[in-house]
Number of protein chains: 2
Amino acid sequence: MEAALDLFVRQGYAATTLDDIATATPVSRQTVYNHFGDKETLFRAVIDTHLNATLEALHASADRPTTSPAERPVDAESQLNDLARRLTAIFLNPRTASLRRLLQSEGPRQPHLLELWRTRVAGPVWSEVISQLTRLTHAGALRIDDPVRAASQFIVLVTGTAWQITEAGVFLYPPPPGVDGEQLDTAVRSCVALFVRGYRQTTQ
Amino acid sequence: MEAALDLFVRQGYAATTLDDIATATPVSRQTVYNHFGDKETLFRAVIDTHLNATLEALHASADRPTTSPAERPVDAESQLNDLARRLTAIFLNPRTASLRRLLQSEGPRQPHLLELWRTRVAGPVWSEVISQLTRLTHAGALRIDDPVRAASQFIVLVTGTAWQITEAGVFLYPPPPGVDGEQLDTAVRSCVALFVRGYRQTTQ
DNA sequence: CTAACCTTGGACACTGCTGTCCAATACTCT
DNA sequence: AGAGTATTGGACAGCAGTGTCCAAGGTTAG
């Protein structure tokens with residue numbers, strides 16, 4: 001299954017043959033047909049499986065931080081750094097990243113898959129960011145008029161930067177810089193710092 | 001040619017047949033073969049053509065703002081708003097957007113195309129942003145220690161927001177909101193405002 | 001008008017992929 | 001060990017797409 005996902009991601013649905021999958025896998029082509037009957041069905045099963053795995057990882061990650069609630073000092077920057085770290089972790093998780101790429105290339109022809117992604121993955125992430133930001137605003141640590149917009153900016157900053165540094169190679173100027181965890185961390189932290197500075201004193 | 005680009009973008013290279021292209025086009029399949037001889041050659045020609053068009057548009061856009069040089073008041077926010085507007089214009093230009101999507105899906109198998117994009121499109125954009133930021137820093141309007149990082153953040157904020165609002169549909173929570181020029185403009189301006197607030201007083 | 005050239009559509013060989021069938025083999029469970 | 005089940009590889013039909021060929025029209029220029 002991971003092999004299938006990998007091939008679909010790297011070569012696209014149309015260009016991936018069942019022979020490719022079979023040879024990259026401990027099972028034979030015939031067995032694949034026995035199980036799924038169809039290339040299309042296999043494809044959906046692959047997506048489904050990995051989407052569910054992503055969802056579980058997401059929920060597991062969502063449960064963790066709630067354990068240390070609002071009692072601790074409202075240091076906006078450090079809290080947002082935590083949030084940003086979680087965001088990048090989700091974003092860069094190999095499974096999630098592959099799934100994202102696959103949906104991006106093959107999604108337009110699978111609208112219900114996009115819908116699933118939106119409601120089950122993007123939705124929770126957004127609402128978590130929004131709720132954290134409003135909480136920090138109510139606590140007086142930030143001053144945010146439009147939490148949705150601020151959340152959008154936060155997400156764009158953090159994930160965009162993570163994307164740039166890792167998969168970046170594709171479009172950005174400094175050619176593939178060799179993924180460096182430390183470098184990524186400081187870059188993300190710098191984004192959070194920018195965000196906090198921008199939303200600390202003055203209003204929109 | 002536009003039709004071919006469109007089909008390649010929407011269906012991917014492998015899934016697009018020459019019959020598709022021929023029927024979407026005023027010429028016949030045979031004529032396509034007479035001109036290009038090969039599907040692969042056609043593909044490269046398509047990319048090449050549109051990449052050159054993108055380059056021309058880019059240079060045309062790059063020439064314009066240089067005409068009003070550094071004499072005018074150093075109002076960081078308005079100048080960066082101009083820059084951001086140009087960035088989004090380039091980013092959302094239909095030709096450029098299609099090309100970007102195509103390179104993203106089909107790029108890994110065409111490394112030299114990626115190289116071209118990097119050096120001829122991404123490179124100039126980055127260096128322009130960097131030079132503007134350093135200029136504003138020297139003029140005392142901003143305080144930026146690491147212009148490359150700041151440029152990265154600026155680009156991520158602006159283009160990421162533009163992407164979210166337009167093509168977004170794909171991944172983000174609020175489903176396709178119907179592209180609204182005004183809405184986009186205020187969102188981008190809000191990003192610039194955030195950036196300026198973040199880089200105005202303090203350092204990092 | 002005529003000659004050279006280009007386009008068109010239809011036919012076609014060839015290739016590679018999907019999906020099926022089957023007989024041989026390996027595995028599992030009791 | 002033995003019955004039932006799953007897996008394997010090989011062969012194969014059907015299909016779709018690429019690239020070629022060609023003969024019939026169209027177009028352009030002298």
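Chain naming here is simple, since letters A, B, ... match the order of the sequence lines and numbering starts at 1 in each.
Across the protein-nucleic acid pair, B/D19 atom CG and D/dA16 atom P stand 12 Å apart, rounded to whole Å. Atom CD1 of B/I21 is separated from atom P of D/dG17 by 12 Å (rounded to the nearest Å).
B/T134 and B/T137 form no side-chain donor-acceptor contact under 3.5 Å, judged by distance and modelled atom types alone. A/R135 and A/Q132 share a donor-acceptor pair across their side chains, judged by distance under 3.5 Å alone. Side-chain contact, B/N34 with B/Q30: a donor N or O sits under 3.5 Å from an acceptor N or O.
A/Y13 carries A/K39 over the face of its six-membered ring, with the cationic atom under 6.0 Å from the centre and within 45° of the normal. Cation-pi contact between A/R100 and A/F91: present, with separation from the ring centre below 6.0 Å and deviation from the ring axis of at most 45°. With a 6.0 Å cutoff to the six-membered ring centre and a 45° limit on the axis angle, B/R197 counts as a cation-pi contact of A/Y199.
Each of A/Y13 and A/Q30 was assigned the nucleotide of DNA chain C with the nearest heavy atom; the assignment lying further toward the 5' end belongs to A/Y13. Looking at which nucleotide of DNA chain C each of B/R29 and B/P26 is closest to, the 5′-most match is held by B/P26.
At least one side-chain heavy atom of B/Q11 sits under 4.5 Å from a side-chain heavy atom of B/D20. Taking the side chain as every heavy atom from C-beta outward, A/Q104 and B/R101 never approach each other to under 4.5 Å.
A heavy atom closer than 4.0 Å to some atom of DNA chain D occurs in B/Y33, B/D38, B/K39, these being the qualifying members of residues 31-46 of chain B.
Between the axis at the start and the axis at the end of the helix from C/dC1-D/dG30 to C/dT30-D/dA1 there is an angle of 30°, using five pairs per end and rounding to 10 degrees.
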